[in-house]
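Each chain gets a letter, A, B and so on, in the order its sequence line appears, and its residues count up from 1.
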Amino acid sequence: MRYWLMKSEPSEFGIDDLVRDGFVPWFGVRNYQARNFMRDQMKVGDGVLFYHSSCAEPGIAGIAEVAKAAYPDASQFDTDGKYYDAKATPDNPRWFNVDVRIVRKTRLLPLAEIRACPELANMRILARGNRLSITPVDPDEWNFIQARL
DNA sequence: GCCAACGTTGGC
DNA sequence: GCCAACGTTGGC
């Protein structure tokens, strides 16, 4: 069992959308590192910190879990969609996604508060220039965060 | 809107 | 394989 932090822009899909829908295919990731995490490491039941990015109040907004292991991302084949990839074929898909299920919405744990915790100083989200949309979370970090939500 | 940081692309 | 140029991310 592993733990992850997954970023989403609330203007696109926020925690309230996840509460409403119950689960979501995490499609649209077009970064190889993030894809590899989903394809190679994420397992059903893994814990997920749902993070709001590129918004007025960035931070952790809820808890989710991996509901389905990785499978080919359908959006790469949609010629009209913004996630279309001409180099991907159904026989040789390039992009994969997992499904993520809501566990619970939490209070917002602001980025500034994360940054202020020495226990969380090693989180990838705090690294300079970090842009990776999916990052592993240490069990100790996960437990610390759970206790503060 | 700004800008630092990073990943990807493509010419060579 | 190198590396400059470009596009994107994301906090502020």
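For A:R2, the side-chain contact (heavy atoms from CB on, under 4.5 Å) partners are A:W4, A:Q41, A:D46, not counting sequence neighbours. With sequence neighbours excluded, the residues satisfying side-chain contact (heavy atoms from CB on, under 4.5 Å) with A:Y83 are A:F27, A:R30, A:S75. Residues meeting the side-chain contact (heavy atoms from CB on, under 4.5 Å) test with A:D78, sequence neighbours left out: A:D80.
Between A:Q33 and A:K87, the residue whose closest nucleotide on DNA chain B is further toward the 5' end is A:Q33.
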Which nucleotides of nucleotides 6-12 of chain C have their base under 4.0 Å from a protein heavy atom (B), which only their sugar-phosphate (S), and which neither (-), written as one string 5' to 3'?
-> -BBBBSS

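Note on residues 8-20 of chain A: pairs passing salt bridge (charged side-chain N to carboxylate O under 4.0 Å, His left out), not counting sequence neighbours, are A:D16-A:K105, A:D17-A:R20. Within the structure, every pair that satisfies the salt bridge (charged side-chain N to carboxylate O under 4.0 Å, His left out) test and touches residues 84-93 of chain A, not counting sequence neighbours, is listed here: A:D85-A:R94.
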